[in-house]
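Data first, discussion second: the structure below is written as structure tokens.
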2 protein chains.
Amino acid sequence: MESFIEKVRLASENVRSFLCVGLDPNPQLMPITDVFEFNRAIIDATIDIVCAYKPNMAFYEALGLQGMNSLVRTVEYIKQKGAHTLIIGDGKRGDIGSSMAAYYTAMYESWGFDAITVAPYMGKDSILPIPGNGKGVFVLCRTSNPGAQDFQDLSVTISGKSLPLYQHVALKCSEWNIDQNIGLVVGATYPDELKQTRMLCPHMPILIPGVGTQGGDLPSAIRWGCDQNGRNIIVNSSRQILYSSTNNDFDISARQEALRINQEIDAILTMENKSW
Amino acid sequence: MESFIEKVRLASENVRSFLCVGLDPNPQLMPITDVFEFNRAIIDATIDIVCAYKPNMAFYEALGLQGMNSLVRTVEYIKQKGAHTLIIGDGKRGDIGSSMAAYYTAMYESWGFDAITVAPYMGKDSILPIPGNGKGVFVLCRTSNPGAQDFQDLSVTISGKSLPLYQHVALKCSEWNIDQNIGLVVGATYPDELKQTRMLCPHMPILIPGVGTQGGDLPSAIRWGCDQNGRNIIVNSSRQILYSSTNNDFDISARQEALRINQEIDAILTMENKSW
């Protein structure tokens, strides 16, 4: 079985894309009503051109048991269609060790994800019981929202040295990453923080949300997010792809939008002499 | 409709108890196999002597769709049995504003909770879209686990003044608590941090986990956690109550354990001249 870092690499290499589609079904924006059918159309239209899908748990839980059922079917469908496609469960979980072990069972076994997002506030024992067998986590480091500044940018002092909290989180995660199964989340909306994080953690995969509706800067995200070989990032776009058309052609439109983002990323990598 | 703070007050006053039972079904520890039947027996045995129940989402999600179904039935059952009983969904959620709104729909509407736990790392816009209508949140401040020290105790510097991160989180939550619908989570395993938090936030409800199996200090938790009137705390115990017996008498045993904790709390309050 591949290691987590190998899985991340293969997912991108297989399709020559760093793009991840955030599968966040919002009934008020969806052109059809059935969540699984909506996801299936998006997946069919993009599976050969994206490296990952990232269902955000909030949108499925908001639809109750039926929503959770749609999530299970969606994950099964992606597994059928894409042998190397990474499926990231975006739940931002974090709890005491014994409860976190239950969350890992939930996210990897009940819902079938390859990787999940995790919140760092509760520290080492809330992150580390990752079960192995190729599974991994992306720890929230510097998030894409305005409130990211409230705590993540605070200057913390450790042994007389000061640095922003998010950088300390990055360094601790790097220290805990003995099994190469930890990545980081850094929003495209904060390119300078992304650059700092990549400098501190040259080899960890970085999941970069915030491109598209949230207004993240794609060229900077690619330039500063990639490792020195132009690899090891996963760039997520949700609403910009899912809801690029509100008509029946939403899947065709989603594919065009995904292709456009792929081309933009390729152009930036070519400029940097880091293309495939 | 009552405000959130009023609901918290009534839940305790109604039964003269600050005790919350953490409904964390663990198939390896449960004396019967059906999760809903297990919860129902625990609820029947304790509904008249506890102020709240706190299902931890991790344990239901770990059991897949069937687990989520047991959760829904459990919450419905508590609502039928206890008009004033507070039901706290322990999910430690936290996301960007638009996703957090979906989590609030999920936790309050799909699953039916009165209050939920929330992680602060993503800041103000990840907490504030609380929908009103008597719902509330408990924000993680100083958690009960060993890893709490990794980030929550870091010294942060704001306008030249230094204080531990968890205290800054407490102060920001107090500032954001305009609608009186925010409480804090502080573990019983760290009495001094609980004392500091209560001094900074004299009027906010504090949810105190970590009593029992985690080794929290109950007398100190009561002494330092209560407000000046000896109120405004919710003391959670999970495993110590649920699994006090592994035989068929587990419900009787759970009731005895809950009564014992209630008596211990009452004795401490009497010593402090703050009894009911």
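A note on names: the letters A, B, ... follow the listed sequences, proteins ahead of strands, and every chain is numbered from 1. Not measured: the values here are computed from a predicted model.
We find that K124(B) and E175(B) are not joined by a salt bridge, their nearest charged nitrogen and carboxylate oxygen being 4.0 Å or further apart. For the pair D153(A) and R142(A), the salt-bridge criterion is met [side-chain N within less than 4.0 Å of a carboxylate O]. Comment: D90(A) engages K54(A) in a salt bridge, judged by a side-chain N to carboxylate O separation of less than 4.0 angstrom.
Between the side chains of Q149(A) and Y190(A), at least one donor N or O lies within less than 3.5 Å of an accepting N or O. Checked by atom type, the side-chain pair T197(A)/Q167(A) shows no donor-acceptor distance below 3.5 Å.
Heavy atoms closer than 4.5 Å to chain A are found in both the backbone and the side chain of L65(B). Contact of K172(B) with chain A is made through the side chain alone, with heavy-atom distances under 4.5 Å. At a 4.5 Å heavy-atom cutoff, the contact between M57(A) and chain B is made by backbone and side-chain atoms alike. Neither the backbone nor the side chain of Y108(B) comes within less than 4.5 Å of any heavy atom of chain A. For N56(A), the part sitting under 4.5 Å from any heavy atom of chain B is the side chain, from C-beta outward, and nothing else. Heavy-atom distances place both the backbone and the side chain of S99(B) under 4.5 Å from chain A. In this structure, chain B has no heavy atom under 4.5 Å from any part of P209(A). Of the two parts of I158(B), only the side chain, counted from C-beta on, holds a non-hydrogen atom closer than 4.5 Å to a non-hydrogen atom of chain A.
Heavy-atom pairs under 4.5 Å with chain A were tallied for N145(B), D150(B), I96(B), N26(B); the largest tally goes to N145(B). Contact count versus chain B (heavy atoms, under 4.5 Å) is highest, among L154(A), L63(A), T117(A), for L154(A). Of the listed residues (F59(B), W111(B), Y121(B), Y166(B)), the greatest number of heavy-atom pairs within a distance under 4.5 Å of chain A belongs to Y121(B). Contact tally against chain B (heavy-atom pairs below 4.5 Å) for G210(A), P146(A), A148(A), A119(A): the top residue is P146(A). Interface remark: of the candidates A101(B), P120(B), S126(B), P120(B) forms the most heavy-atom pairs closer than 4.5 Å to chain A.
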Item to complete: List the steps, then state whether salt bridge (charged side-chain N to carboxylate O under 4.0 Å, His left out) holds for D95(A) with K92(B).
Response: CA-CA 7 Å; D95(A) 212 310; K92(B) 303 181 174 68; 2.9 Å; yes
Discussion item. Please determine whether side-chain contact (heavy atoms from CB on, under 4.5 Å) holds for the pair T246(B) and L29(B), giving the CA-CA distance in whole Å, both sets of side-chain angles, and the decisive distance to 0.1 Å.
Written reply: CA-CA 7 Å; T246(B) 50; L29(B) 299 173; over 6 Å; no
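When the shell of 6.0 Å around CD of Q66(B) is examined, it contains 12 or fewer heavy atoms from other residues, nucleotides or ligands.
Residues of residues 68-80 of chain B that come within less than 4.5 angstrom of chain A, heavy atom to heavy atom, are M68(B), N69(B), V72(B) in numerical order. Residues of residues 128-141 of chain B placed with any heavy atom under 4.5 Å of a heavy atom in chain A are listed by number as L140(B), C141(B).
Judged by distance alone, the side chain of N177(A) and the main-chain N or O of I182(A) form a donor-acceptor pair under 3.5 Å. Listed for the D114(B) side chain is no donor-acceptor partner under 3.5 Å among the backbone atoms of L86(B). Under the 3.5 Å distance criterion, the side-chain polar atoms of S110(B) are left unmatched by any main-chain donor or acceptor of M107(B). In this structure a side-chain-to-backbone donor-acceptor pair under 3.5 Å is present from Y104(A) to I127(A). Remark: side-chain polar atoms of N236(A) are paired, donor with acceptor, to backbone N or O of G22(A) under 3.5 angstrom.
Taking the side chain as every heavy atom from C-beta outward, P205(A) and I234(A) never approach each other to under 4.5 Å.
You'll find the ring centres of F38(A) and F250(A) inside the 6.0 Å limit.
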